[in-house]
2 protein chains.
Amino acid sequence: MRNSQRRGGPPSIVEVARAAGVSTATAGRVLGGYGQASAASRTKVEEAAQRLGYRPNGLARSLIHGSTETVGVIVTDIGNSFFASAVRAVTDVVRAAGYEILLANTDSDPAAEQRALTVMWEKRVDGLVIAPQGPGTAERLRTMAEAGLPTVLLDRPLAALPQVDQVTINNTACARSAVAHLTRLGHRRIAVVSEAARDLDRLRDAPVRDGDDERPSAARLVGYLAALRRAGIDPDPALVVHSPYDRDAAERAVRRLLRRNPDVTALFCTDNVLSSGAVAALQDSGRVCPDEISLVGFDDQDWTTLVRPRLTVVRQPRRELGAAAGRKLLERMAERARSRAGTASAEPGDGDRTDTGAAEAAGNGREAVDLPAGERVVLRGRLITRDSTGPAPRPSGPTPLAAEPSGTMSNRRAPGSPSGEDEEDSA
Amino acid sequence: MRNSQRRGGPPSIVEVARAAGVSTATAGRVLGGYGQASAASRTKVEEAAQRLGYRPNGLARSLIHGSTETVGVIVTDIGNSFFASAVRAVTDVVRAAGYEILLANTDSDPAAEQRALTVMWEKRVDGLVIAPQGPGTAERLRTMAEAGLPTVLLDRPLAALPQVDQVTINNTACARSAVAHLTRLGHRRIAVVSEAARDLDRLRDAPVRDGDDERPSAARLVGYLAALRRAGIDPDPALVVHSPYDRDAAERAVRRLLRRNPDVTALFCTDNVLSSGAVAALQDSGRVCPDEISLVGFDDQDWTTLVRPRLTVVRQPRRELGAAAGRKLLERMAERARSRAGTASAEPGDGDRTDTGAAEAAGNGREAVDLPAGERVVLRGRLITRDSTGPAPRPSGPTPLAAEPSGTMSNRRAPGSPSGEDEEDSA
DNA sequence: ATGAAAGCGCTAACAA
DNA sequence: TTGTTAGCGCTTTCAT
């Protein structure tokens, strides 16, 4: 009873063919736009398809072609404005090439990430953009990449995956530049709010270099440490406060910090939601910014110019990050399509080794494409100097003779930025 | 040469079966978790699958089962924090039930929306959540819904689609409540920034009721007009300023408004990005808020409590909106699954009419499920009174004798809200 | 418990 | 130009 009874689903091509009085092959030819068909059958088929409300079944088509015109996107939280922007950009780029987006959130949960990867794999996405969580992911990703899935890492590098393209931001340099800005202003008690505070000890000895294996929060913490070192300041663990990516948690953390360490004169936030929590805490603390305490935020969101004082921030190219990842992915997918097309005759630059040890060694006895080394794109963020950072206040005690110039107690600008905002490179 | 040569793709079940020395049927049984298999073959198959890195092909599975475990989500812009939150909530709800998300942005472009719908259709999503653009979409959506695709409208009602579930917010009531708050404070020259300003003439006579056919921006404009009418104020078209959903455009629009109409004492923004543009323009204008001009924003974002004065806003339950849509969709999909399961024997509450006129009349000669009337869920937003709204200033001219009480010129609170923020219902 | 075979909806050789 | 047929990878009778 193939295709004879209606089963509730949409009409298939055989129903259209029957209605049009032609074979499924001809129906396919006109509806799929391949091969040739006479004008007569063309109209008959089109009319029938129209009447029945026919839409081709992409699943069947994909099953044959081996491609789904879909790319997977895995991030921690699409509700976070950073990823919302980045994903939007990825979408725009790949959609222009005809690809749709299968989206998954992991909430930084490795198990959720594993599940997401499995799903993407089973749904046979043509490519993958992922902001990976941890080293545990690397192995799985390598397996998938070696099995031929074009993959691009977004926002977080993975040293264990040199075969894979990685698009990131120079987080360490950005953070270093932000904190150097503070030390230059004379600050010495500089606190940082970070999701990676727990890794402090490990990061003390980490190389000061971007594009390695650290997640963004850790990379930024490394930058913080580097800037302190450069200024001859010994990092005080009490000033490295941990907070998860949650505004209220950040607010509480900063409040506690200020209570316990009233001598802190500057604060560096390593993420947009941490920044917003810190601003709230600062406002609540009654300490005036930047006179009593300076603040550098991360991620140049709209509201950072709306609050007073306007926030000095590290701006990261969120959309460009997503767009770059999308473009890289398109490249890789194109390459792969090309190589698959020519796969029957000869592998480019590689004879017809059918079952050499190399492939076996890759783990699963199947053709493990040895990929050209993955490219690393490191986009540059930069420090935007605005009004929330100013010279370090005199240490408490008897007021020194060289008093502050009068009339500048509020809304003071950072020195060297006479008007508006000032951009500072962070290379 | 079925499955014999490796074609670069992942291993199929026949390769696993061969490697395990069993038939594809048994391999399927153990790998798919259906039917029975002896412990012996089970281990053999599992071992082989493991070794080959086998992952079932979801496409083939879907082709058979007729379901993809995927729901489509179509919004205007996932980069907009409103949709980012809502989509996140949808994702969480449906993912818990095992569904993935196929995401598309339309940028309010009807053509893009049509394309997105086509794609979702061809990819055979099991359900659809959509923030529709316009009446043009309704027909297409109806076709799809009648063809059996569970569909839920998000954020924007469509009167032409009574068969479909709709989850929206009481936009008109919210806006009315916001503007009533202003009139109660004595404001009479109240401007509004809206994406729907061009529809002003049409909306003058629109019924003051939520859940009809207006898009959110229009519904809010209707609420604005209603509140003015109630207060006996004749709406001045010059105070209804248009702006697209773009922060800078909104800022320019408000700046122009204030230049041309210096007598405006209050401003109502109908969207989060418009709010942020308005705040910027206000700050730039040098007019002090709320003493010289009051402001009500829309959408309670984090930054609205960070700026000074803290913004009075209409809070809308963004996440709950998405969650409700997700839940409704799950319900519908479950219903449909149930009815499809029983379709071979008997339709529930409907004899086996095979080809009655009713189905034919639906347009395409196929089974047009006549759906139970769609449900409407209207979630309630509410006004949060904070510091950006205050009594209307005295009209300019000679200062009247009844002077302002001294010492309250800045950061004044709205009357009736002695401490913190005040919630006001908007039913 | 297992295997052979049909079939989901479509595309692609191959014949006619 | 058109129809016949095999087959994508899997599930599912139906025999055995």
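From a predicted model like this one, the values you see are computed outputs, not experimental measurements. The sequence lines fix the lettering, A, B, ..., with proteins before strands; numbering per chain opens at 1.
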May I have the distance from [X] (atom [atom1]) to [N] (atom [atom2]), rounded to whole angstrom?
| X | N | atom1 | atom2 | result |
| --- | --- | --- | --- | --- |
| I64(A) | dC10(D) | CD1 | P | 15 Å |
| L31(B) | dG9(D) | CG | C1' | 12 Å |
| K123(A) | dC10(D) | NZ | C1' | 14 Å |
| R18(A) | dT4(D) | CZ | P | 13 Å |
| E15(B) | dC8(D) | CD | C1' | 13 Å |
| L63(A) | dC10(D) | CG | C1' | 8 Å |
| I13(B) | dG7(D) | CD1 | C1' | 16 Å |
| E69(B) | dT11(D) | CD | C1' | 15 Å |

*Pick the nucleotide of DNA chain C nearest each of N57(A) and A25(B); which residue has the one closer to the 5' end?*
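That would be A25(B).
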
*5'-most contact on DNA chain C: A60(B) or T24(B), nearest heavy atom basis?*
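It is T24(B) whose nearest nucleotide is closer to the 5' end.
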
*Between the base of dG3(D) and the side chain of R29(A), is there any donor-acceptor pair under 3.5 Å?*
yes

Establish, with yes or no, whether the OP1 or OP2 oxygen of [N] is under 4.0 angstrom from a side-chain nitrogen or oxygen of [X].
| X | N | value |
| --- | --- | --- |
| S23(A) | dT4(D) | no |
| Y34(B) | dT12(D) | no |
| R61(B) | dT11(D) | yes |
| S38(B) | dA1(C) | no |
| T26(B) | dT2(C) | no |
| Y54(A) | dC10(C) | yes |

_My validator wants the stems of DNA chain D: runs of 3 or more consecutive Watson-Crick or G-U pairs, both distances under 3.5 Å, written as range with range._
C:1-16 with D:1-16

*Is S62(A) touching bases, backbone alone, or none of the nucleic acid, heavy atoms closer than 4.0 Å?*
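No contact.
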
Is any side-chain heavy atom of [Y] closer than 4.5 Å to one of [X]?
| X | Y | value |
| --- | --- | --- |
| I130(A) | L141(A) | yes |
| L63(B) | N57(A) | yes |
| E335(B) | R338(B) | yes |
| R124(A) | P10(B) | yes |

*Can you check salt bridge (charged side-chain N to carboxylate O under 4.0 Å, His left out) on K123(B) and E100(A), steps first, answer last?*
CA-CA 10 Å; K123(B) 291 203 183 304; E100(A) 302 302 313; over 6 Å; no

_Charged N-O contact under 4.0 Å between R51(A) and E47(A)_ = yes

*dT2(C), dC8(D), dT11(D): which one has an atom nearest the side-chain heavy atoms of H65(B)?*
dT11(D)

_Nucleotide nearest A37(B) when distance is taken to its side chain, options dT2(C), dA12(C), dT12(D)_ = dT2(C)

*asked:* Evaluate R18(A) against T24(A) for side-chain hydrogen bond (donor to acceptor under 3.5 Å, both in side chains), listing each step before the verdict.
replied: CA-CA 8 Å; R18(A) 191 179 314 135; T24(A) 67; over 6 Å; no

*Does any donor atom in the side chain of Q114(B) or R140(B) lie under 3.5 Å from an acceptor atom in the other side chain?*
yes

